[in-house]
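All remarks here apply to the structure that follows.
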Amino acid sequence: MRLREHVSVDPDVCGGMRVIQGTRVPYDEVAALLRDGVPAEKISDYFPSVTAMAARSAVDFADYVDTYDPPREPREAAAG
């Protein structure tokens, strides 16, 4: 998976959850607000440390995650 500019992962921050860079705000919480119709410019009303640009990156990353289908390991033939 490719992160976006304002989304980061750090094992020392929220146990390695993906958050808005420089915060402890989970990217998916921000993305959910945008998907519910909150304008990016109003995200700071909910999370003062999150900029509109970071909010847009969060929803872009959430859209990417929603379409991600990891490669699957081939299954072994059933014994029998």
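Below, each value reflects all heavy atoms present in this structure, side chains not excepted, and no hydrogens, waters or symmetry copies. All of these numbers come straight from a predicted model, not from anything done at the bench.
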Would you tabulate the side-chain donor-acceptor contacts of residues 42-58 under 3.5 Å, counting partners in other chains and residues two or more places apart, or write 'none'?
from: Thr51; atom 1: OG1; to: Ala54; atom 2: N; distance (Å): 3.0
from: Arg56; atom 1: NH2; to: Glu41; atom 2: OE2; distance (Å): 2.3
from: Ser57; atom 1: OG; to: Met53; atom 2: O; distance (Å): 3.4

Checklist entry - Please walk me through it: do Val19 and Val7 pass side-chain contact (heavy atoms from CB on, under 4.5 Å)? => result CA-CA 6 Å; Val19 297; Val7 179; over 6 Å; no

Item to check | Aromatic Tyr64 / basic Arg4 pairing, under 6.0 angstrom, 45° off normal | outcome: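 So Arg4 does make the cation-pi contact.
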
Mind listing the side-chain donor-acceptor pairs of residues 20-31 below 3.5 Å, one per line with the distance, residues two or more places apart or on another chain?
from: Thr23; atom 1: OG1; to: Ile20; atom 2: O; distance (Å): 2.7
from: Thr23; atom 1: OG1; to: Val25; atom 2: N; distance (Å): 3.0

Next on the checklist: Tell me whether Arg35 is salt-bridged to Asp66, with the criterion being a basic N under 4.0 Å from an acidic carboxylate O.
Outcome noted: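 Asp66 and Arg35: salt-bridged.
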
